[in-house]
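Only one structure is covered here, and it is reproduced in the block below.
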2 protein chains.
Amino acid sequence: MEQRTYNQYCATARTLDLVGERWTLLLVRELLTGPKRFGDLQHSLRGLGTGLLAARMKHLEREGLVHKVTLPPPARTAAYALTRAGEELGPAVLALARWGLKWAMDEPREQETFHPGWAVLGLRACFDAEAATGLHALYEFRVEEEIFHARIDDGTIETVHGPAQHPDVTITIGGEVFRDLAAGRSTLAEAINNGAASASGDQQALRRLHQLFRLPRPQTRSAAQAPAS
Amino acid sequence: MEQRTYNQYCATARTLDLVGERWTLLLVRELLTGPKRFGDLQHSLRGLGTGLLAARMKHLEREGLVHKVTLPPPARTAAYALTRAGEELGPAVLALARWGLKWAMDEPREQETFHPGWAVLGLRACFDAEAATGLHALYEFRVEEEIFHARIDDGTIETVHGPAQHPDVTITIGGEVFRDLAAGRSTLAEAINNGAASASGDQQALRRLHQLFRLPRPQTRSAAQAPAS
DNA sequence: CGGCATCCATTTTGATACTG
DNA sequence: CAGTATCAAAATGGATGCCG
């Protein structure tokens, strides 16, 4: 395995040698919101068979980007988690997501799957650090059956799968609304006004939340275009 | 073509549908330092055949990331350039490069090729915007037969293939030294002291240059490691 | 359920020869 | 030099079965 290399002494190429194969960066994306079990990973990634998934995870493990953990009680089952090196791929994945939010997220297509965790990462991708100066807050998102939380500490954001301990605000929202929101086709304020979402908790923290994400204005990639430089 | 899609309504997955195939991001990398001809691209990317290269460029063109241009005189030949959308993949490519600089750039391996343009992009990846506040300068790098320039304007950097008009500083340097420098295994100051590089022009701009790039301390990805979270 | 091997149809790729 | 045509090798997708 991994005999196929670009053979270039270049940081980008070396990185792509490690994580450029099909599915690999999406596996990293899944783990960026916390450890996941083998089955969870496969469930999120339709089209990825057990054989290839096992091969990819073994590769990531061998390369030191992922390691096996035992989930804390009461779960106690085995799962995969990112190592420090794996976690630091976050900025690269989020950069790809930012580009996609601006240039590739038109209407959802038939056939396309969606999981709330992707939208959570989408929010994280357009987190505006400046807008969060001085803010320390814990937000919980209850999207259909899935729960996530975002911890904001003065310009930093952490988004994790699972409930929060003592959230300042809890947002309850349907999957489709949440999807539209993360794709910039709706806002949280609108959704709450609509009744499509509800928020409870610290009202001031909620007001800050509205300002924290700066979604790019979607653009179309027309093939006929003036030079970039 | 492009029938293979992840079918996920996710910004990262949609982006990878467009540029996640083998070679594609490396082609973007090549074009990030300016337009290139078909043959130049193939020359830089050993192992990429003409058939696949043609298919990739056609795909990128159809998707509006690349377009054909006619090089200005005296060249006048056809070339490929990034569109606005393509150019904006820069941050994602540079994020991958930053990760690689930290976690994947050990010694060059036998068989690995190297082109100065990659190192130029490596420098750009670790450009420190804060260190460049108030600086407006044009640097020219003459690496073996290749010439690049970097234009710095107060926190922004632009790196382009080709000579500069009226550079403030011109650095002449060998390919291997430049390679080591961009991989963090040497510094420009050392290279100049060694005589491995020479610089002429505005001495103050040269002093600033030394401070502009913050290379990450290389790390090893040990598979046996404590959890990241 | 987690994890892995095996078999097979389909795609993707790599390498080379060939054409305007 | 820019690209097409062709073919062999490799990667992928999907199904299935096995084992603890």
Side-chain angles (χ1 to χ4, degrees), chain A residues 1-8 13 16-27 30-31 35-63 66-71 73-81 111-113, chain B residues 1-8 13 16-27 30-31 35-63 66-71 74-81 111-113 223:
Chain A
M1 217 59 66
E2 194 50 56
Q3 69 240 64
R4 184 170 278 184
T5 163
Y6 289 114
N7 269 317
Q8 298 180 356
L16 289 174
D17 274 343
L18 289 169
V19 299
E21 295 166 278
R22 191 163 166 79
W23 298 110
T24 306
L25 278 176
L26 296 187
L27 288 167
E30 293 300 314
L31 297 179
K36 298 269 182 302
R37 292 176 303 171
F38 188 92
D40 296 333
L41 291 171
Q42 206 200 357
H43 177 254
S44 295
L45 277 61
R46 199 175 53 184
L48 172 57
T50 58
L52 199 50
L53 174 54
R56 288 286 185 274
M57 295 317 289
K58 193 170 288 185
H59 168 71
L60 287 173
E61 217 180 326
R62 192 159 29 84
E63 294 296 347
V66 153
H67 64 146
K68 285 187 178 145
V69 295
T70 302
L71 255 35
R76 280 195 192 291
T77 64
Y80 296 95
Q111 301 252 325
E112 276 186 336
T113 61
Chain B
M1 219 57 68
E2 194 48 56
Q3 67 240 65
R4 184 169 279 182
T5 162
Y6 289 114
N7 268 317
Q8 298 180 355
L16 290 174
D17 275 342
L18 289 168
V19 299
E21 294 166 279
R22 192 163 165 78
W23 297 110
T24 305
L25 278 176
L26 295 186
L27 288 167
E30 291 300 315
L31 297 179
K36 298 272 182 301
R37 291 176 302 170
F38 188 94
D40 295 333
L41 291 171
Q42 206 201 357
H43 178 253
S44 294
L45 276 61
R46 199 174 55 184
L48 171 57
T50 57
L52 198 50
L53 174 54
R56 287 287 185 272
M57 296 318 287
K58 196 168 290 186
H59 167 71
L60 287 172
E61 216 179 328
R62 192 158 31 82
E63 294 296 345
V66 153
H67 64 147
K68 286 186 176 145
V69 296
T70 303
L71 255 34
R76 279 196 193 289
T77 64
Y80 296 96
Q111 301 252 326
E112 274 186 337
T113 61

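Numbered from 1 within each chain, the chains take letters A, B, ... in sequence-line order. Side chains included, hydrogens not; waters and symmetry mates left out as well; all remaining heavy atoms used.
Here A/L52 pairs with A/W23, A/L48, A/R56 under the side-chain contact (heavy atoms from CB on, under 4.5 Å) rule; sequence neighbours left out. With sequence neighbours left out, B/D40 forms a side chain to side chain donor-acceptor pair (under 3.5 Å) with B/R37. B/T113 meets the side-chain contact (heavy atoms from CB on, under 4.5 Å) test with A/Q8, B/R46, B/W118; sequence neighbours excluded. Under the side-chain contact (heavy atoms from CB on, under 4.5 Å) criterion, B/K68 pairs with B/E61, B/Y80, not counting sequence neighbours. Listed by chain and residue number, nothing satisfies the side-chain contact (heavy atoms from CB on, under 4.5 Å) test with A/T70 (two or more places apart in sequence, or in another chain).
Protein atom CG of B/L26 is 15 Å distant from nucleotide atom C1' of C/dT13, rounded to whole Å. Whole-Å rounding puts the A/L48 CG to D/dA11 C1' distance at 13 Å. One can place CG of B/L52 at 17 Å from P of D/dT6, the figure rounded to the nearest angstrom.
At the phosphate of D/dG13, OP1 or OP2 sits under 4.0 Å from a side-chain N or O atom of A/R22. OP1 or OP2 of D/dG13 has at least one side-chain nitrogen or oxygen of A/W23 nearer than 4.0 Å.
Nearest approach of B/N7 to B/D17, heavy atoms of both residues: N-OD2, 4.3 Å. Across B/L71 and B/P35, no two heavy atoms sit closer than the pair CD1-CB, 3.9 Å.
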Under 3.5 Å, which protein N or O atoms sit close to an N or O of nucleotides 2-6 of chain C? Give each pair with its distance.
| from | atom 1 | to | atom 2 | distance (Å) |
| --- | --- | --- | --- | --- |
| C/dG2 | OP2 | A/G39 | N | 3.4 |
| C/dC4 | N4 | A/T50 | OG1 | 2.8 |

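Looking at heavy-atom distances under 4.0 Å, B/R56 makes contact with sugar-phosphate atoms alone, never a base. At a threshold of 4.0 angstrom between heavy atoms, the contacts of B/G47 are confined to the sugar-phosphate backbone, with no base atom among them.
Using modelled atom types, one side-chain atom of A/H59 and one backbone atom of A/L18 make a donor-acceptor pair closer than 3.5 Å.
Defining each end axis of the helix from C/dC1-D/dG20 to C/dG20-D/dC1 as the rotation carrying four pairs' C1' atoms onto the next four, with five pairs an end, the two axes are found to diverge by 30° to 10 degrees.
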